[in-house]
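Basis for what follows: all heavy atoms, side chains included, without hydrogens, waters or symmetry-related copies. One is the number of the first residue; the rest follow in order along the sequence.
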Amino acid sequence: MTALLAALALLVAILVVLAAAYLPGYVAVRALGGSRLLSLALAPTFAAAIAGISAILVAPLGLRWSLLPFLLGSAALVALAFGLRRLGAQLPSTVLDGRLMPRRAVPWGGAWLVGSVAIAVVPIALQAGRPGAVLERWDALYHLSALERIREVGDASSLHVGSISNTSGDPSFYPAAFHALAALVPWGPTPVVLNGAVLALAVLPWILGIALLARVLFRDVPWAPFAAGITAALIPAAPLDLWVHLSPTPNLCGFAALPGALAAAAALWTALLPRFAPGATAAALFAVGLAGAGLGLLHPNVAVTALILLAVLTAVTGAPSWRARPLLVVAPVLALLPVVLLTFTPLGSQVTGFSGGLVIEWWRALGEIGLGLLTVWPMALGVVIAALWWPGLVTTFRRPAVRWVAVAWVVVAVIYLDAALDSPLGLSAIYYRGQDRVAMPLAMLSCVLVVPGLQAWTRLFGPQRADGRRPRPSTPIVVVLVAGALIASLASIPTRSDNAAKNFALDYPGRGRFLQADELALFQEYVPQMDHGGTVLASPFSGAAHLYAMYGQDVRLPVAGMAYTDLDRELLYATKDAATNPASCRTLQENGIRYVYQERLPYSVHSTSDAVNLAGRDLGVVLFETEHSRMIEIDCDPGDGGDASS
């Protein structure tokens, strides 16, 4: 595919996924009586619910996953919303009614926002170099192959997608709403589609959602959405940064949708707290429940985070009314119950049993939290932003209406600390004991705390006037502040570029690679000539894993983290002596192994996976070779008068 066609495919992927993420959910919330801003807040999570649930429902019917079942699911949801409204279940008026910001609240606000997004995105794009660039991360390979499998077989059910992790094809659960949304793109190479889907789901929902959350919390501050949105674009540990840093793609896209869902939940709770209205309450419970389902189908630990934040919201704001209205206690209890069950019982064992997270010293963990140098892309800009949200955190504790945000920040910071120390309390068990994922909700809350932080700093400009207002800073002060913000933001570009290069550049000193530049060139030359029905046997931590998603070549072990069967192990070990042992050669032949791909410098050393690297050149014909790898077409004697290439 030419560079122009690849760029067009990337644009198509972004537009299709954005349309899917916003249009159906927006219409559904409007049909339920919600405002425009409330509709935008809930739309991405509604889209995830539509995609995730529809894919599960159509799989047993034999209907291929495509735009058609997604549109049918969207139509069903809109019809249900209209029906509920006809029955009297209508969303109430909330603080999200009206405009996001007054006109001209911030001069040239759109230009500032576009510039901030460019600072975050352009260094990554330049290091990627091409629309179909593949990140050199284990998780990236998994999601690339999972998306290719869905596009190949037409099954995006979360109950089945996990089959990519085993060669027997046994279905297993993996939250696949992200993959289902990405698979709606009808055209383009899988790596390009994957990159376009991530850009669509990790950037706009995150920035817009945080701006909406600031609108809910600080309605009387005209510039609050702008300040929070700009901070969301620039803050380290944003979902886009974690994509390059670690690539837990469904997880980070879920966290990008979380701010909007939280904004909607907070707005609805605030509207319903003063008095109980059955119809409005039913509509709100439906909307929040569907949003929660969408978050869960993106990734369960995002839904767990949402429940924790909902528990804090309902407990802190509802506590003053508990004596008069004891039923309000039920809200935080119900929110926390699933969290406790998943964290401390076998229900969440698939995640909570994970070990191996990065453990650091306690003083360093406290420094990461306190200085804004979170484990995802720590940079000096984070310290500058911390100087803004720290005053906001302190002052927010003094304001009952928004105190819950400060409490939520402390709760998430404690979970981050638990992950950093690998604490025996296990508070971060549902996050794979990794502070990388916890960094995103902590960054989200820090973004909105920048608003009261800026208010606190403005008090230094002079005493309050008789009319309750404070004098505006003089023009020189404004110029200095804007210049300082620009310098701090632009100074982050080299760090962003270097961090992106670590996982995008085809060659980076001291960093291993699944796929090298010379391999990529040879793949483009030789793979079209290979037998696509013949299976490639290679370590799943090698460049061969790319062959499946990039060229449709059959690969026995297509993703890192495969669950090996006895036959998988037998095949890997058979390559060592297949050139001289007819029984081993026959084992490869009978199981369709046509090619063996070897690495001299493995990305990840694994005794079983690396057995395939021990065979000599006499195993067959060397199709192509680099300094660190080679592809062999098997040509050995199976002892039955045939040969492995037949």
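- Contact check for Arg398 versus Val394: side-chain heavy atoms found under the 4.5 Å cut-off.
- Counting heavy atoms from C-beta on, the side chains of Ser54 and Phe70 never come closer than 4.5 Å.
- Checked by atom type, the side-chain pair Ser39/Tyr22 shows no donor-acceptor distance below 3.5 Å.
- In terms of heavy-atom proximity, Ala177 sits nearest to Ser158 at N-OG, 4.3 Å.
- In terms of modelled atom types and a separation under 3.5 Å, the side chain of Arg30 and the main chain of Gly34 share a donor-acceptor contact.
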Tabulate below the donor-acceptor pairs under 3.5 Å that side-chain atoms of residues 250-258 make, not counting sequence neighbours, or state none.
from	atom 1	to	atom 2	distance (Å)
Asn251	ND2	His299	ND1	3.4
Asn251	ND2	Asn301	OD1	2.5

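- In plain terms, the two heavy atoms of Ala146 and Val161 that are nearest each other are CB-CG1, 4.2 Å.
- Looking only at distances, a side-chain donor or acceptor of Thr395 sits under 3.5 Å from a matching main-chain atom of Gly392.
- Trp409 places no side-chain N or O within 3.5 Å of a backbone atom of Leu449 that could act as its donor or acceptor partner.
- Residues Ser423 and Asp418 have side chains that bring a donor and an acceptor to within less than 3.5 angstrom of each other.
- The neighbour count for Arg85 CZ, taken as heavy atoms of other residues, nucleotides or ligands under 6.0 Å away, is above 12.
- In Trp322, the CH2 atom is crowded: over 12 heavy atoms of neighbouring residues, nucleotides or ligands sit closer than 6.0 Å.
- Taking each heavy atom of Ala443 and Ile235 in turn, the nearest pair found is O-CD1, 3.7 Å.
- Shortest non-hydrogen contact noted between Ala291 and Leu42 is CB-CD2, 3.9 Å.
- The closest side-chain heavy-atom distance from Glu368 to Tyr416 is below 4.5 Å.
- Between the Thr94 side chain and the Ala271 main chain, no donor and acceptor come within less than 3.5 Å of each other.
- Considering only heavy atoms from C-beta on, Gln455 stays 4.5 Å or farther from Trp457 through its side chain.
- Closest of all the heavy-atom pairs between Phe46 and Gly25 is CB-CA, 3.8 Å.
- Between Ser428 and Ile415, the closest heavy-atom pair is CB-O, 3.7 Å.
- Between the side chain of Arg325 and the main chain of Gly318, no donor-acceptor pair closer than 3.5 Å is present.
- Residues Leu297 and Ile53 have side chains in contact (heavy-atom distance under 4.5 Å, counting atoms from C-beta outward).
- The side-chain contact (heavy atoms from CB on, under 4.5 Å) search around Val340 returns Phe344, not counting sequence neighbours.
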Compile the donor-acceptor pairs under 3.5 Å between side chains in residues 207-224 and protein atoms, sequence neighbours left out, one pair per line.
from	atom 1	to	atom 2	distance (Å)
Arg215	NE	Arg99	O	3.0
Arg215	NE	Leu100	O	3.4
Arg215	NH1	Val95	O	2.3
Arg215	NH2	Asp97	O	2.9
Arg215	NH2	Arg99	O	2.9

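- Side-chain contact between Leu184 and Val17 is absent, with no heavy-atom pair separated by less than 4.5 Å.
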